[in-house]
**Q** 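Could you have a look at this structure, given as structure tokens, before my questions?
The model shown is predicted, which means the values in this text are computed figures rather than measured ones.
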Amino acid sequence: MTKIDLWLLAALYFGGIVDATISSNYSQAILSSGTVKLGDWQDAFDRASRFVAKLSTDEKLSIVTGNGASNYSALLGSDSSANPINYYFVTAWPAGLAMSMTWNKDAVYGQGKSLGAEFKGKGMNVAFAPTVQPLGRSPWGGRSGESYGPDSYLSGIMAGRLASGMAASGVTPSAKHYVLNEQETNRQGSNVGGGMGGGAGEHAGGPPGMQRRNAGNSTSPSSGEAYSVEVGDKAFHETYLAPFYDAVKAGVGGAMCSMQKINGSYGCENQDTLARYLKVELGFPGYVHPDAGAQHTSFDSANAGLDYGSSSYWNNSTLVVGIANGTFSAARLDDMVIRQLMGHFKHKQEVYPDHVGYTDNVDVRGKHGDLARQYAAESLVLLKNTASALPLRSKKAISIFGAHAAPRLMGPNTALTVMSGVGATMDGHMSQNGGSAMSSAAFLVTPFQAFNERAQADGFMLKWWLNNTVVKSSGGGMQISDGSGTEISETTLGIADGAEACVVFLNAWAGEGGDRSELANAESDRLVNYVADNCNNTIVVVNTVGPRLLDQWATHDNVTGILYGGPLGQSSGHAINDVLFGDVNPSGRLVHTIAKNESDYDQNTQISEDSVISFSEGNYIDYKYFDQKNSTPRYEFGFGLSYTAFKYGSKIDIAPDSQLLSNEFATGNLAVGGREDLWDIVAEVNIDVSNVGKVAGAEVAQLYVEFPASANEPIRQLRGFHKVEIEPGKTEKAQFQLRRRDLSVWNVEKQEWQVVRGDYKFIVGSSSRDLKASSILTI
């Protein structure tokens, strides 16, 4: 052979270790091969193919390097899942972590649809969302606030719902960061970025528009070597690849490949992860584009499956010469262009709003602010409520404490990229992540503002201490004002004096470019303890970008309430206020485990500066690790309280589809989202849930499954959840539909999804540890 398509050759090579049923298909990862059934993407493929057939090679090169050709304009894409980054007159939504804490699929879809409308209104074709990974393998990871929590099932459902909503508005969602990008430290190379080795921000290329992203960062490889991840095939599929199945099935038309290496090969030139897994196994019909600085080569990246790149790498002297000498193929170039056009044609973007500048007076918010506030309030988790300390009603004097209650000196937005040296807490109200997931808030309602509004309306006395430093004497280290006051002593104790409730506000902050240096904060925790020592009704509000330890004060007798949330966006203060005062009955649930001590977390997941990082814990992350070690957390995954009470029925009804479960291995056609039969509903589960309290509320019923021992799985895993609104005295059914893939495990030997024969225990509860009823299904 004189002409060898290296991309297809690599696919054949990797196909050699899989079963014969699909190994032959790996040579057909190009969309035109027909290997993958395109379903509702078929029309877009047909139109894109006809368009590409009329283009010259130069025009094709123009498109794959971020420019237009013929009557097609270049794709414009930008971050993030919080809003179109850097733009004026957009909604600053709750971050991914907060939205996941709603456990409300409809809310995430609603956010996605509204967010998509805002991207479209600004003339942006592609939105770099949802953020599927970092999943949150490490509690010290800096970007967990962007994604949907460390449980792969929950993450997949939420990412899929956001993608579906965005696509419904006519924008192409692009999932990131594919794949195994679980820490910031050295992700791009030890000599790039600052501090612990965090890389440059995804948006560092300047103004939005994908051509600007590449033009700014693709001229040369990074100056240091990124870390390389090693992970077992079983954990790779079941924990890290699994959420991308949902995202692809839901309609993502783009995938942002990650900066770090995977088994020694950079993520954007890894033939295994891009060609074999993403484009064939998952049936991804869209295009792969690089994270900032993540393209390093010409042929390796193009042959591996990168579809969008820099003209510094892809030009007449590389790809065109490669077609002539057999190191590249014309078919692969056509596929790169077709994949980039798929979302354009599927979402009918031929007629599209004009792209506008950052500060142009084009207001795309509509009434989205009402939804942003509603979702933010719904996400908040009530962790402690001793003697019904909350809601705060009929109080005559309330004091609030902490810098987190008040605005920052400058605002409302944060620095684009977080680097070493930036504090682990924000000096002011933290409502967003740092980095490319930051908001572009037009305003920010802080708790300080919301409490003043409430005091004016309700008539209570409000005092505040907007500092994390404890001052015991006005003659001591900090004098707040000149002169003398008669109504209060200007100390922390003076502000607490006479208060019927003391509310302390804390935050933990991080973002792109830097990982977390602490899971608690000594200064903030000292403030809580001092206030609690002097106020017998102390409520603590925590906003965080990842797991935040609370044991420094959680068991203090005078800490009567704890409210816990993620970054809540523009209406953060109002949302917190809505829950504290009972306008909203809290219904959020934890999406990560809060340990008692930092040492209780798996130390193997500590942020590492090693050149090779082994994910040797496999599937055992977060609550699965705590269950494996029989370690008791302070608050477990899925936990959350309400202002009412719920009672579960004693019986679980299971209705399996024996015919669909008769095949041990998945055998369906390869299609968008993986084999078609992976999405079959193979069982339905129901249980009664009653509201036995006095106010209406929403319960999050959670379905966990214990697999047969031979499956070699964690003790139990989330496989369903249903948020049920229930009036007092009423009973509703919590319903769960299980897809074949929910009962499947990855068989490494057969390289296929398998429903292991044996007994499956179905357990419904209100958290991963508070389990109410169970039943056995034998397959």
**Q** Grab the two heavy atoms, one from E118 and one from H368, that are nearest each other, plus how far apart they are.
**A** OE2-ND1, 2.7 Å
**Q** Going from OG on S388 to CZ on R393, what distance comes out if it is rounded to the nearest 0.5 angstrom?
**A** 10.5 Å
**Q** Does a side-chain heavy-atom distance below 4.5 Å link S399 with W465?
**A** no
**Q** Do other residues, nucleotides or ligands put more than 12 heavy atoms under 6.0 Å from the CG atom of D427?
**A** no
**Q** Work out which heavy atom in N467 is nearest to a heavy atom in L527; give both atom names and the distance.
**A** O-CD2, 3.7 Å
**Q** Can you confirm whether T544 sits close enough to R516 that some side-chain heavy atom of one is under 4.5 Å from a side-chain heavy atom of the other?
**A** yes
**Q** Taking all non-hydrogen atoms of both residues, which atom of S144 and which atom of G136 are closest, and how far apart?
**A** OG-CA, 3.8 Å
**Q** Should L580 and V541 count as side-chain neighbours, where that means a heavy-atom distance under 4.5 Å?
**A** yes
**Q** Taking ring pair (Phe, Tyr, Trp, His ring centres under 6.0 Å) as the cut-off, I'd like each qualifying pair that reaches into residues 538-564, sequence neighbours left out, listed once.
**A** Y564-H592
**Q** Can you see which heavy atom on S440 is nearest to which on P84, and at what distance?
**A** OG-O, 3.8 Å
**Q** So do the side chains of S642 and E699 get within less than 4.5 Å of each other, counting heavy atoms only?
**A** no
**Q** Are E518 and R548 packed together at the side-chain level, in the sense that at least one heavy-atom pair is separated by less than 4.5 angstrom?
**A** no
**Q** Charged N to carboxylate O below 4.0 Å: is that the case for R589 and E636?
**A** no
**Q** Can you name the residues that form a side-chain contact (heavy atoms from CB on, under 4.5 Å) with T593, not counting sequence neighbours?
**A** D622, Y623, F626, P633, F637
**Q** With side chain to side chain donor-acceptor pair (under 3.5 Å) as the rule and sequence neighbours excluded, what pairs involving residues 106-116 come up?
**A** none
**Q** How many angstroms lie between atom CG of L392 and atom CD1 of I539, to the nearest 0.5 angstrom?
**A** 5.0 Å
**Q** Quick one: sort the W93 and Y375 rings into parallel, tilted or perpendicular, breaks at 30° and 60°.
**A** parallel
**Q** I'd like to check E523 versus T425 (side-chain heavy atoms, cut-off strictly below 4.5 Å). Are they in contact?
**A** no
**Q** Looking at every non-hydrogen atom in both residues, tell me the closest pair between T644 and G693 and how far apart they are.
**A** OG1-CA, 3.0 Å
**Q** Can you tell me how far apart CG (N507) and OG (S524) are? Round to the nearest 0.5 Å.
**A** 7.0 Å
**Q** Does NZ or CZ of K105 lie under 6.0 Å from the centre of the six-membered ring of F721, at an angle within 45° of the ring axis?
**A** yes
**Q** Checking side-chain hydrogen bond (donor to acceptor under 3.5 Å, both in side chains) for the pair N558/T538: CA distance, chi angles, key distance, verdict?
**A** CA-CA 6 Å; N558 288 344; T538 297; over 6 Å; no
**Q** Answer whether the closest heavy-atom distance between the side chains of R143 and S436 falls below 4.5 Å.
**A** yes
**Q** Between T91 and N83, does any side-chain donor sit less than 3.5 Å from a side-chain acceptor?
**A** no
**Q** Can you see which heavy atom on F401 is nearest to which on A405, and at what distance?
**A** O-CB, 4.4 Å
**Q** Taking CD in Q603 as the centre, count heavy atoms belonging to other residues, nucleotides or ligands within less than 6.0 Å. Is the count above 12?
**A** yes
**Q** So how far is it from F460 CZ to F451 CZ, rounded to the nearest 0.5 Å?
**A** 6.0 Å
**Q** Could you go through N537 and K395, starting from their C-alpha distance and side-chain angles, then the distance that decides it, and tell me whether this counts as side-chain contact (heavy atoms from CB on, under 4.5 Å)?
**A** CA-CA 11 Å; N537 187 24; K395 300 294 189 241; 4.1 Å; yes
**Q** Answer whether the closest heavy-atom distance between the side chains of V584 and L380 falls below 4.5 Å.
**A** no
**Q** Using a 3.5 Å distance criterion without hydrogens, assess whether the side chain of D79 forms a donor-acceptor pair with backbone atoms of A437.
**A** no
**Q** Output the distance between atom CG (N104) and atom CZ (R161), rounded to the nearest 0.5 Å.
**A** 9.5 Å
**Q** Rounded to the nearest 0.5 Å, what's the gap from CG on N413 to CZ on R408? Could you check?
**A** 8.5 Å
**Q** Is the shortest distance from a Lys or Arg side-chain nitrogen in E184 or R187 to a carboxylate oxygen in the other one below 4.0 Å?
**A** yes
